[in-house]
Visitor: 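First the structure, then my questions, so here it is.
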Amino acid sequence: MDIEPLNCLLPQGKDKVALMILNQPLSSMECIKILWQKAVIKVCVDGGANRLHDLAGSERERFIPDFISGDLDSAFPTVLEFYKNKGSDIIHTPDQDYTDFTKSTQLLLGKLLEKKEQVDIILAVGGLGGRFDQIMASIETLCHMQTADAPPIIVIQQNSLACLLLPGSHTLSVNTGIEKGWCGLIPIDGSCDHVTTSGLKWNLVDQRLQFGVLVSTSNTLDGSGIVHVTTDAPLLWTMGLKNAV
Ligand SMILES: Cc1ncc(C[n+]2csc(CCOP(=O)(O)OP(=O)(O)O)c2C)c(N)n1
Ligand SMILES: O=c1ccn([C@@H]2O[C@H](COP(=O)(O)O)[C@@H](O)[C@H]2O)c(=O)[nH]1
């Protein structure tokens with residue numbers, strides 16, 4: 001698969017995006033504005049609605065999500081009322097076996113199918129900070145979405161990005177100018193027995209990545225602007241970005 005992980009953050013980037021706002025601090029309204037313009041559907045996940053409401057301030061009427069979903073134990077009633085009156089669907093998903101992020105992603109995929117709308121990526125803002133169980137749960141959400149026909153999900157918070165590479169070969173374009181340089185390949189689903197890369201300072205040649213054996217953290221882009229990764233099992237790609245989202 002060809003992926004341009006940071007394309008969606010560029011004002012000129014052409015990616016069609018489905019935007020999800022999770023319940024974590026947002027840094028930049030400028031960035032939300034860029035994403036909003038590219039997004040064909042916008043979702044706030046439970047307390048993510050509070051984050052958007054706060055950040056948008058006096059401009060909030062221009063940033064109305066299509067729906068807000070979750071068990072709704074974090075979104076403030078006044079915030080839900082505000083968005084409901086402005087036309088957002090409020091979708092209560094009380095199931096307590098799956099996180100609000102997982103349930104909302106499934107709802108989002110259903111809505112895209114219903115609207116016969118295709119997106120290049122699902123971009124979730126948040127998910128990599130705050131509670132450690134929630135960070136791990138975000139990675140687990142990515143594992144739920146491992147179907148060939150689902151768009152890739154990219155999770156971005158502050159200066160970090162994560163996405164899951166499915167078994168196969170991947171070309172990542174990392175030449176937008178907003179890459180920070182650090183990156184990692186993390187075998188989150190057992191072992192990846194055959195991993196080969198190029199474009200990194202520490203490349204792998206048909207090597208095994210596994211916790212307790214070898215995990216590629218604190219790796220670095222080599223400056224060529226392209227990273228190739230071939231893996232026989234799901235592998236998490238993570239990288240840094242210069243501007244906090
Ligand atoms: C084995 C097991 N462990 C834990 C849970 C509890 N659990 C898993 S997902 C979930 C919902 C989490 O909701 P979310 O709003 O995403 O997170 P919160 O901020 O409420 O913790 C809960 C309660 C469970 N159902 N099963
Ligand atoms: O510490 C956290 C808390 C939450 N998240 C993400 O946001 C959604 C919604 O959270 P609520 O607490 O239900 O409002 C949650 O499913 C996580 O994906 C997080 O990343 N870190």
Side-chain angles (χ1 to χ4, degrees), residues 5 8-9 17-29 31-32 35-36 39 41-56 60 63-84 88-112 119 121-146 150-164 184 186 188-189 234 236-241 244-245:
C8 57
L9 299 177
V17 171
L19 177 65
M20 303 182 81
I21 298 180
L22 305 178
N23 188 8
Q24 278 295 284
L26 295 166
S27 301
S28 149
M29 194 58 205
C31 185
I32 294 297
L35 294 171
W36 207 267
I41 184 163
K42 298 111 178 166
V43 182
C44 288
V45 180
D46 202 347
N50 304 336
R51 307 285 181 171
L52 177 66
H53 190 265
D54 269 10
L55 185 78
R60 62 177 63 107
F63 299 93
I64 307 299
D66 294 281
F67 69 89
I68 300 170
S69 60
D71 54 11
L72 304 181
D73 60 352
S74 305
F76 301 135
T78 48
V79 168
L80 288 178
E81 198 57 27
F82 170 81
Y83 286 120
K84 191 176 169 198
S88 300
D89 276 345
I90 311 295
I91 307 175
H92 185 217
T93 57
D95 187 313
Q96 292 296 292
D97 282 340
Y98 298 98
T99 64
D100 286 345
F101 182 21
T102 298
K103 291 178 286 179
S104 301
T105 310
Q106 283 159 346
L107 273 174
L108 171 65
L109 290 175
K111 296 262 178 203
L112 289 172
V119 294
I121 59 157
I122 297 174
L123 180 73
V125 178
L128 302 178
R131 284 168 38 189
F132 186 68
D133 67 329
Q134 289 278 25
I135 298 172
M136 293 304 286
S138 300
I139 305 306
E140 205 261 340
T141 299
L142 302 183
C143 294
H144 278 282
M145 305 302 150
Q146 291 185 61
I153 306 187
I154 292 182
V155 186
I156 293 185
Q157 183 169 345
Q158 298 286 324
N159 298 87
S160 296
L161 170 153
C163 65
L164 193 62
I186 304 175
I188 39 99
D189 193 12
L236 192 81
W237 167 256
T238 181
M239 64 186 288
L241 42 143
V245 175

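For ligands, and for the atoms within them, numbers begin at 1 and follow the listed sequence. Because only heavy atoms are used, hydrogens play no part in the values below, and waters and symmetry mates are left out as well, while side chains stay in.
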Visitor: Within the structure, does at least one protein heavy atom fall under 4.0 Å of atom 4 (C) of ligand 1?
Guide: no

Visitor: Among all the protein's non-hydrogen atoms, which is closest to atom 2 (C) of ligand 2, and how far away is it?
Guide: Gln24 NE2, 3.3 Å

Visitor: When you measure from atom 12 (C) of ligand 1 to every protein heavy atom, which one gives the shortest distance, and what is it?
Guide: Thr99 CA, 4.1 Å

Visitor: Gln134 and Thr99: side-chain donor and acceptor closer than 3.5 Å?
Guide: no

Visitor: Can you tell which of Leu52, Asp66, Ile64 makes a side chain to side chain contact (heavy atoms under 4.5 Å, CB included) with Lys42?
Guide: Asp66

Visitor: Only heavy atoms of Ser74, strictly under 4.0 Å: list the atoms of ligand 2 that pass.
Guide: 11 (P), 12 (O), 13 (O), 14 (O)

Visitor: Below 3.5 Å, N or O to N or O, backbone or side chain included: is there any such pair between Tyr98 and ligand 1?
Guide: no

Visitor: Looking only at distances, please establish whether an N/O atom of ligand 1 is found under 3.5 Å from an N/O atom of Gln134.
Guide: yes

Visitor: Does any N or O of ligand 1 fall below 3.5 Å from an N or O anywhere on Asp100, backbone included?
Guide: yes

Visitor: Are any of the N or O atoms of Asp71 closer than 3.5 Å to those of ligand 2?
Guide: no

Visitor: Any protein heavy atom at under 4.0 Å, with atom 1 (C) of ligand 1 as the reference point?
Guide: no

Visitor: For atom 13 (O) of ligand 1, what's the nearest protein heavy atom and its distance?
Guide: Asp71 OD2, 3.7 Å

Visitor: Which is closest to atom 20 (O) of ligand 1 in terms of heavy atoms, Asp133, Thr102, Asp73?
Guide: Asp73

Visitor: For the pair Leu35 and Cys31, evaluate side chain to side chain contact (heavy atoms under 4.5 Å, CB included) and give the outcome as yes or no after the intermediate values.
Guide: CA-CA 6 Å; Leu35 294 171; Cys31 185; 4.1 Å; yes

Visitor: List every atom of ligand 2 that sits less than 4.0 Å from any heavy atom of Gly47, numbering the atoms from 1 in the order shown and giving each element.
Guide: 14 (O)

Visitor: Does any N or O of ligand 1 fall below 3.5 Å from an N or O anywhere on Ser74, backbone included?
Guide: no

Visitor: Does some non-hydrogen atom of the protein lie less than 4.0 angstrom from atom 9 (S) of ligand 1?
Guide: yes

Visitor: Does any N or O of ligand 2 fall below 3.5 Å from an N or O anywhere on Val45, backbone included?
Guide: no

Visitor: Are Leu241 and Leu161 packed together at the side-chain level, in the sense that at least one heavy-atom pair is separated by less than 4.5 angstrom?
Guide: yes

Visitor: For the ring pair Tyr98 and His144, is the centre-to-centre distance below 6.0 Å?
Guide: yes

Visitor: Is Asp100 salt-bridged to Lys103, cutoff N-O under 4.0 Å?
Guide: yes

Visitor: Whether the side chain of Arg51 engages the backbone of Leu26 through a donor-acceptor N/O pair (distance < 3.5 Å, no angle test) should be reported.
Guide: no

Visitor: For ligand 2, which atoms have a heavy atom of Gly130 less than 4.0 angstrom away?
Guide: 1 (O)

Visitor: May I ask you to list the atoms of ligand 2 that are less than 4.0 angstrom from any heavy atom of Arg131?
Guide: 1 (O), 2 (C)

Visitor: Using a 4.5 Å cut-off on heavy atoms from C-beta on, say whether the side chain of Phe63 contacts that of Met29.
Guide: yes

Visitor: Provide, to 0.1 Å, the distance between atom 26 (N) of ligand 1 and the closest protein heavy atom, together with that atom's residue and name.
Guide: Asp97 OD1, 4.1 Å

Visitor: Do any N/O atoms on Gly129 end up under 3.5 angstrom from N/O atoms on ligand 2?
Guide: yes

Visitor: Quick check on contacts: which atoms of ligand 2 are under 4.0 angstrom from a heavy atom of Asn23?
Guide: 3 (C), 4 (C), 5 (N), 6 (C), 7 (O), 8 (C), 9 (C), 10 (O), 11 (P), 12 (O), 14 (O)

Visitor: Mark yes or no: Lys111 above the aromatic ring of Phe67, with NZ or CZ under 6.0 Å from the six-membered ring centre and no more than 45 degrees from the axis.
Guide: yes

Visitor: Where the closest heavy atom to atom 15 (C) of ligand 2 is concerned, which of Arg51, Met136, Gln134, Lys103 has it?
Guide: Gln134

Visitor: Quick check: Asp100 and ligand 2, any N/O pair under 3.5 Å apart?
Guide: yes

Visitor: Walk me through it: do Ile41 and Leu112 pass the test side chain to side chain contact (heavy atoms under 4.5 Å, CB included)?
Guide: CA-CA 8 Å; Ile41 184 163; Leu112 289 172; 3.8 Å; yes

Visitor: Run Leu142 and Leu236 through side chain to side chain contact (heavy atoms under 4.5 Å, CB included) and show every step you take.
Guide: CA-CA 9 Å; Leu142 302 183; Leu236 192 81; 3.8 Å; yes

Visitor: With a 4.5 Å cut-off on side-chain heavy atoms, are Pro151 and Ile121 touching?
Guide: no

Visitor: Evaluate the criterion side chain to side chain contact (heavy atoms under 4.5 Å, CB included) for residue pair Asn23 and Phe101; output intermediate values, then yes/no.
Guide: CA-CA 9 Å; Asn23 188 8; Phe101 182 21; over 6 Å; no

Visitor: Has ligand 1 got any nitrogen or oxygen that is less than 3.5 angstrom from a nitrogen or oxygen of Gln96?
Guide: yes

Visitor: Among side-chain atoms of Ser69 and Thr93, is any donor-acceptor pair under 3.5 angstrom?
Guide: no

Visitor: Specify the protein heavy atom at minimum distance from atom 16 (O) of ligand 2: its residue, its atom name, and the distance to 0.1 Å.
Guide: Phe101 N, 3.2 Å

Visitor: So do the side chains of Asp46 and Asp73 get within less than 4.5 Å of each other, counting heavy atoms only?
Guide: yes

Visitor: What's the shortest distance from atom 20 (O) of ligand 2 to any protein heavy atom, and which residue and atom give it?
Guide: Gly127 CA, 3.1 Å

Visitor: Looking only at heavy atoms of Lys103, does any of them come nearer than 4.0 Å to an atom of ligand 1?
Guide: no

